[in-house]
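Below: one structure, written as structure tokens.
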Amino acid sequence: MKKILISWLGNTDLKSAAQMTLRPEEEVGDGPILGALKSLSFTELHLLHDQNQTTEKVNGFINWLENHTSIVVKSKKCSLRSPIDFADIHQAMNTQLSQLTAENPDADISIHLSPGTPAMASVSVLLGKARYNTRFVRSTKEHGGEFV
């Protein structure tokens with residue numbers, strides 16, 4: 001059975017992969033996505049990112065991630081007016097979940113809530129609980145990834 005993790009690509013993940021500059025006092029460790037993948041077992045990562053994250057940065061993150069894990073990464077560029085636009089986030093996440101559940105009806109699908117904005121996490125919880133049968137993951141620097 002496929003174990004799929006869906007996640008937004010957040011700034012902390014880009015910083016952990018040296019695709020964004022850290023502030024002098026900032027420590028990000030592995031970042032939420034790699035932290036989850038080190039603690040939990042998945043066969044695929046479906047990485048959602050908005051059009052403001054350049055292809056160069058997204059590919060740099062994916063290459064960095066592939067050097068640290070053996071997971072299959074599939075990226076999807078999403079058109080968002082802003083990273084807090086609920087309607088656009090809903091459309092992007094619903095489209096992704098609908099496609100994944102249609103193509104993989106027996107898959108174990110989890111949504112990562114830590115990367116991205118609070119609006120992305122909120123929409124993910126609503127869709128994952130109300131419309132799709134998903135589990136949820138969160139990450140912390142201290143504990144890595146865990147199901148919540």
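All residue numbers refer to positions in the sequence shown, counting from 1.
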- Message: For Leu40 and Leu5: C-alpha separation, side-chain torsions, deciding distance, then whether side chain to side chain contact (heavy atoms under 4.5 Å, CB included) applies.
- Response: CA-CA 10 Å; Leu40 304 169; Leu5 179 64; over 6 Å; no

- Could you tell me which residues satisfy side chain to side chain contact (heavy atoms under 4.5 Å, CB included) with His46, sequence neighbours excluded, listed by chain and number?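 Partners of His46 under the side chain to side chain contact (heavy atoms under 4.5 Å, CB included) test: Ile4, Ile6, Glu44, Lys74, Gln96, Leu100.
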
- Query: Taking NZ, NE, NH1 and NH2 as the nitrogens, is one of them in Lys2 or Asp108 under 4.0 Å from a carboxylate oxygen of the other?
  - Reply: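 Salt bridge absent between Lys2 and Asp108.
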
- Could you tell me whether Asp50 and Lys77 make a salt bridge, using a distance below 4.0 angstrom between a side-chain N and a carboxylate O?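 Looking at Asp50 and Lys77, the cut-off is not met.
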
Are [X] and [Y] connected, step by step, through hydrophobic side chains (Ile, Leu, Val, Met, Phe, Trp, Tyr) whose heavy atoms are closer than 4.5 Å?
X	Y	value
Leu126	Val123	no
Val148	Leu127	yes
Ile71	Ile33	yes
Leu37	Leu14	yes
Leu48	Val58	no

For the atom pair [atom1] ([X]) and [atom2] ([Y]), what is the distance rounded to the nearest 0.5 Å?
X	Y	atom1	atom2	answer
Thr12	Lys141	OG1	NZ	9.0 Å
Leu45	Leu65	CG	CG	6.5 Å
Lys129	Ile111	NZ	CD1	10.0 Å
Met120	Ser7	CE	OG	10.0 Å
Glu146	Phe136	CD	CZ	14.5 Å
Trp64	Gln19	CH2	CD	10.0 Å

- Are Val137 and Leu113 close enough, and set up right, to give a side chain to side chain contact (heavy atoms under 4.5 Å, CB included), and what steps lead you there? CA-CA 6 Å; Val137 170; Leu113 300 176; over 6 Å; no

Indicate yes or no for a side-chain donor-acceptor contact from [X] to the backbone of [Y] under 3.5 Å, with no hydrogens or angles considered.
X	Y	answer
Asp13	Leu9	no
Glu26	Arg23	yes
Ser39	Gly35	yes
Gln51	Leu80	yes
Asn104	Asp106	no
Ser114	Pro32	no
Thr101	Ser98	yes
Thr117	Pro83	yes

- For the residue pair Gly128 and Thr134, what are the closest heavy atoms and their distance?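 For Gly128 versus Thr134, the nearest heavy atoms are CA-OG1, 3.1 Å.
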
- Task: Can you see which heavy atom on Ser16 is nearest to which on Gly31, and at what distance?
- Result: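 Nearest heavy atoms, Ser16 then Gly31: CB-N, 3.8 Å.
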
Mind checking whether [X] and [Y] have side chains closer than 4.5 Å, heavy atoms only?
X	Y	result
Lys76	Cys78	yes
Thr140	His143	yes
Thr69	Lys38	no

- Query: Tyr132 and Ile109: side chain to side chain contact (heavy atoms under 4.5 Å, CB included), yes or no, with the steps?
  - Reply: CA-CA 9 Å; Tyr132 300 94; Ile109 299 175; over 6 Å; no

- Item | From CA spacing to verdict: side chain to side chain contact (heavy atoms under 4.5 Å, CB included), Met93, Trp8 | CA-CA 9 Å; Met93 183 59 78; Trp8 288 97; 3.5 Å; yes

Is it the case that more than 12 heavy atoms not belonging to [X] sit under 6.0 Å from its [atom1] atom?
X	atom1	result
Asn133	CG	no
Glu27	CD	no
Leu22	CG	yes

